Amino acid sequence: MSDRTAPTSSHPARAALAAFVGTTIEWFDFYVYATAASLVFGTLFFPPGTDPMVGLMASFATFSVGFFARPLGGIVFGHFGDRLGRKSALVITLLMMGVATFCVGLLPTFEQAGFIAPLLLVLLRFVQGIAVGGEWGGAVLMAVEHAPENRKTFYGSFAQLGNPAGALLATGSFGLIAAWDADLLYTWGWRLPFLASILLVLVGLFIRLKVEESPVFEAVQENDGRPAELPLREAVRTSWRPLLLGIGVLPVAVGGYYVVTTFLQAYGVEVGVSEQVILNGLSLAAFVELVATLGVSWLGDRFGTVRVVTIGLVGVIVLALPQFLVMDTGSTLLIFVMLCVMRLAMAAVYGPIARVLAQMFPPRARYTSISIAYQVAGAIFGGLSPIVCTALFAVTGSILPVAGLLMAMAVVSILCLLKAPRHEDDDLVRAA
């Protein structure tokens, strides 16, 4: 094997598996909330008699709180991860997310506690946001930095697999409850996925504690003598242009995803599609994305990561309007097919983007840099997308502005992707 393709770690597969399991749990917790927000929180945590559309927007507002907390989590755990190591930061984020999600399952409703109920809901959503804000960047770096240069897109995508896997578990769990007893979902059944998450956290901790520290982090310590004293200051001073480009690369990866899942779910119910059909369709689509992510990421290593992501973004543009129009047909088959095809395009965007983001920044403040880019984009595009789409639809009565917004996000992503810089890690690790 040549130096060019020598692995940066002897255990890239183990690191990738740990990244997958950890992010699956984190995103399951995050998406359990998202699913509940679109289905039940609007009626359970806000005053009785509230207009359904207003209740839905209020519910999405609590959903958005998690996104606005994510940049803070990225800064805090980015600093910790760049100074003390990726592994320790990831253990703490997993514990925070698990405890917060479990506590949501114990909350009183508005009928039981009045306005204290939504306040507690917002507080716990904020903690979730802090945790996932620190999780994603560290998990991606552990997978990418353990991998050889010619396999970084493939191994990096294991961290991305956690997103569809978590979504599949979340929508699947709610789908099972709705299939068992639809009325149960609105009484106490919605609590079950939140409470069950604590078991997944214990499994995740067991696996994560067995993974070695990132070889790139260790190489930075050996070559430079110490990590960056203030990673945030170094990231802003030396990488401000890549930070802006990184945010610009991500509108579809982090925001478009919630347009085609969370908002689409609410829109489908609004036009008369049953919750069961939508939950089943989203579960099937998440499975398609889960299976496709490794394949498109392998293609990224073989034919070029930027090329594969660009093709995925073009696919999103083409499918933006049809995915909504099929909801009006009421055809279960068409809905399932369109949801799956769109998520195939999203897989081509989201899976390989881990490698793109990770290597846009130099290693000394990389955890902080990648976390800021991803979580600021998450706050802007992910946190606001469902509520903005709901407002556009409520004001215009048409789905066209929503589809146009998704297309515009894809165009911005393509333009920034084509200008993204790249740093290679193998030389740094070999010099250590």
Side-chain angles (χ1 to χ4, degrees), residues 8-9 12 15-16 18-19 22-23 70-71 73-90 92-93 132-149 151-153 155-160 211-250 253 305 352-378 420-432:
T8 56
S9 165
T23 54
R70 281 164 59 170
I75 292 171
V76 170
F77 287 103
H79 179 91
F80 190 21
D82 279 326
R83 294 277 299 163
L84 302 177
R86 310 345 188 177
K87 179 177 176 178
S88 299
L90 290 174
I92 296 173
T93 60
V132 83
E135 164 72 21
W136 185 85
V140 164
L141 293 186
M142 286 292 277
V144 171
E145 291 179 348
H146 273 274
E149 195 68 39
R151 303 293 300 280
K152 286 185 181 294
T153 307
Y155 281 119
S157 70
F158 276 79
Q160 304 297 74
V211 179
E212 300 172 356
E213 182 56 81
S214 159
V216 174
F217 174 77
E218 293 177 338
V220 168
Q221 288 187 308
E222 185 168 338
N223 289 345
D224 297 339
R226 58 185 174 84
E229 185 173 347
L230 288 174
L232 176 61
R233 182 176 64 187
E234 178 156 333
V236 173
R237 188 184 74 236
T238 64
S239 300
W240 64 269
R241 191 183 299 275
L243 279 173
L244 293 177
L245 286 172
I247 294 169
V249 163
L250 291 166
T305 306
I353 209 75
R355 194 258 182 91
V356 174
L357 262 291
Q359 295 196 286
M360 284 180 66
F361 306 102
R364 272 174 54 86
R366 180 177 282 173
Y367 197 142
T368 299
S369 300
I370 188 176
S371 296
I372 290 174
Y374 190 86
Q375 305 309 341
V376 169
R422 176 178 171 184
H423 297 267
E424 295 189 359
D425 296 335
D426 279 3
D427 291 339
L428 172 68
V429 174
R430 279 194 291 271

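Given the structure is predicted, the values throughout are model-derived calculations rather than measurements. Computation of the quantities below employed the complete heavy-atom set of this structure, encompassing side-chain atoms and omitting hydrogens, waters and symmetry-equivalent molecules.
- Take Ala377 and apply the side chain to side chain contact (heavy atoms under 4.5 Å, CB included) test, not counting sequence neighbours, and it matches Ile247, Leu250, Val254, Phe381.
- The shortest non-hydrogen separation linking Gln375 to Gly74 is CG-CA, 4.4 Å.
- Within the 4.5 Å cutoff, side-chain heavy atoms of Leu245 are placed close to those of Pro421.
- Not counting sequence neighbours, the partners of Ser239 by the side chain to side chain contact (heavy atoms under 4.5 Å, CB included) test are Pro242, Phe361, Pro362.
- Shown here are the ring-ring contact (aromatic ring centres under 6.0 Å, His included) partners of Tyr374, two or more places apart in sequence or in another chain: Trp136.
- Using a 4.5 Å heavy-atom cutoff, the side chains of Leu357 and Val140 are not in contact.
- One finds the CZ atom of Arg83 at 10.5 Å from the OG1 atom of Thr368 (value rounded to the nearest 0.5 Å).
- Closest of all the heavy-atom pairs between Arg366 and Gln359 is NH2-CA, 4.5 Å.
- A heavy-atom distance below 4.5 Å is found between the side chains of Arg422 and Arg355.
- For the pair Thr23 (side chain) and Ala159 (backbone), a donor-acceptor distance under 3.5 Å is present.
- For the residue pair Asp82 and Arg86, the shortest heavy atom distance occurs at OD1-NH1, 3.1 Å.
- Taking all atoms of both residues into account, the shortest heavy-atom contact from Tyr367 to Gly81 is CD1-CA, 3.4 Å.
- Contacts of Ser157 classified as side chain to side chain contact (heavy atoms under 4.5 Å, CB included), with partners at least two apart in sequence or in another chain: Thr293, Leu294, Ser297.
- Under the 4.5 Å side-chain criterion, counting only non-hydrogen atoms from C-beta, Leu232 is in contact with Ile372.
- Checked by atom type and distance alone, the side chain of Lys152 pairs as donor or acceptor with a backbone atom of Ala147 at under 3.5 Å.
- In terms of heavy atoms, Pro231 sits closest to His79 at CD-ND1, 3.3 Å.
- When all heavy atoms are compared, the tightest approach of Ser371 to Gly137 is OG-CA, 3.8 Å.
- Residues forming a side chain to side chain contact (heavy atoms under 4.5 Å, CB included) with Ala18 (at least two apart in sequence, or on another chain): Ile207, Val211.
- Looking at heavy atoms from C-beta onward, Tyr155 lies out of side-chain contact with His146 at the 4.5 angstrom threshold.
- Applying the ring-ring contact (aromatic ring centres under 6.0 Å, His included) rule to Phe77 yields no partners; only residues at least two apart in sequence or on another chain are considered.
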